Number of protein chains: 2
Amino acid sequence: MQTASSGAPATIDFWFDFASNYSYLSVMRIEEAATRQHVEVRWHPFLLGPIFRALGQHTSPFVEQKEKGAYVWQDMVRECHKYGLPWVRPSVFPRASLLASRVATLGASEPWIGAYCRQVMLRNFAEDRDIEAPADIAEVLAQLGLPAERMLADALTDANKLALRHATEEAQAKGIFGAPTFFVGDEMFWGNDRLDDALARCMSTHTPLRT
Amino acid sequence: MQTASSGAPATIDFWFDFASNYSYLSVMRIEEAATRQHVEVRWHPFLLGPIFRALGQHTSPFVEQKEKGAYVWQDMVRECHKYGLPWVRPSVFPRASLLASRVATLGASEPWIGAYCRQVMLRNFAEDRDIEAPADIAEVLAQLGLPAERMLADALTDANKLALRHATEEAQAKGIFGAPTFFVGDEMFWGNDRLDDALARCMSTHTPLRT
């Protein structure tokens, strides 16, 4: 067991799905906020769909519960205003995020992961555009100066598909029931509303980090 | 249509259930926070049970979803620490809040409503004691120097029982799906995490207030 005070870099594990509107808020904020606090972000793309189905839900709770759904779109307008983020309510929700997630799985430890995730999220939640087709993701990758064709092929290998499936199974095993979810060591923080608390926890010298 | 700038007092409508742990946080905080910002609090006790049942849930989502439930008790420890509130995880959850709510209905516009609600909440979430029996509520009322016997009788009149039922129906009609929920005019804010935003909205000169 190491602690942050022992010299290990403070780290936050960030679990998100490109289909999730509250994940949008955290994807846009986390890299800047973490850098400011000298915290390293570990990106964990995963799929909420199988998690929801295992919990007996057919789709997003914002679709299943019409009252909550109606509220969430009001809340998103205010939250985006609060954080200075653009917002257009998606005409399709939740959007299929499988391919976008496979590419994120491929690049989870690459220097472009943050920029890639922000571009995909902006496409979904600020431009109301699909993120499902290879052409959609190729456009995002090309914007970032990345070799789209090769990366899409790599994203579709069996090994990479399996890596995303394993990430989703790991999310489930960790008790994740929604997104975004943050872990600081073993400690779970759920929701964009807890990102600041999770980062503060990283900075606490008493934070146990797993070794 | 009036606006806050027209001289009408800024008002926040506060919907809560004594059984709800996140309502506990807001009940403890709202009067002080609102007073500081010259906002008037209108207290709306209601029952979440019928709302949940109408949404197809049998009980609290924190009981129905074991993963979310496990998380919530961790989150409450941190949230209470953040706000400087005492916390003991209730050994019974959710606690029957009917009688406590009927007394709150009786006193919703009385000067003692805030103090009463805080005492009931502390009993449930800081002392792990029941709030169901007449003796429980009588003890709270006596602590506040209120005539417990007469008030319990008044709380159990048909008119007062009906008033609480109507409040719950009104909550449902307003699209409330959880607690605490705040309204500033027609605008809904859900959850203790949005109390500060709701109070800030009260202070905005552009806030439309219903007349």
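Small disclaimer: the values here were computed from a predicted structure and weren't measured. Naming: A, B, ... by sequence-line order, numbering from 1 per chain.
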D193(B) vs R194(A), side-chain contact (heavy atoms from CB on, under 4.5 Å): CA-CA, chis, key distance, verdict: CA-CA 9 Å; D193(B) 291 329; R194(A) 294 288 177 276; 3.0 Å; yes
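In this structure, Q74(A) and F189(B) have side chains that are not in contact, with every pair of non-hydrogen atoms separated by 4.5 Å or more. With a 4.5 Å cut-off on side-chain heavy atoms, K68(B) and L55(A) do not count as touching.
Remark: D197(B) does not engage R78(A) in a salt bridge, criterion side-chain N to carboxylate O under 4.0 Å. Between E67(B) and K174(A), none of the side-chain N atoms (NZ, or NE/NH1/NH2) sits under 4.0 Å from a carboxylate O, so this pair counts as no salt bridge.
With a 4.5 Å cut-off on non-hydrogen atoms, Q172(B) does not touch chain A at all. If you measure heavy-atom distances from K66(A) to chain B, you find no contacts under 4.5 Å at all.
Between Y71(B) and F177(A) the shortest heavy-atom distance is CB-CE2, 3.5 Å.
The environment of CD in E132(B) is sparse: at most 12 heavy-atom neighbours from other residues, nucleotides or ligands sit within 6.0 Å. The 12-atom threshold is exceeded at CH2 of W15(B), counting heavy atoms of other residues, nucleotides or ligands nearer than 6.0 Å.
Highest contact tally toward chain A, considering only Q65(B), E79(B), E64(B), is held by E79(B) [criterion: heavy-atom pairs under 4.5 Å].
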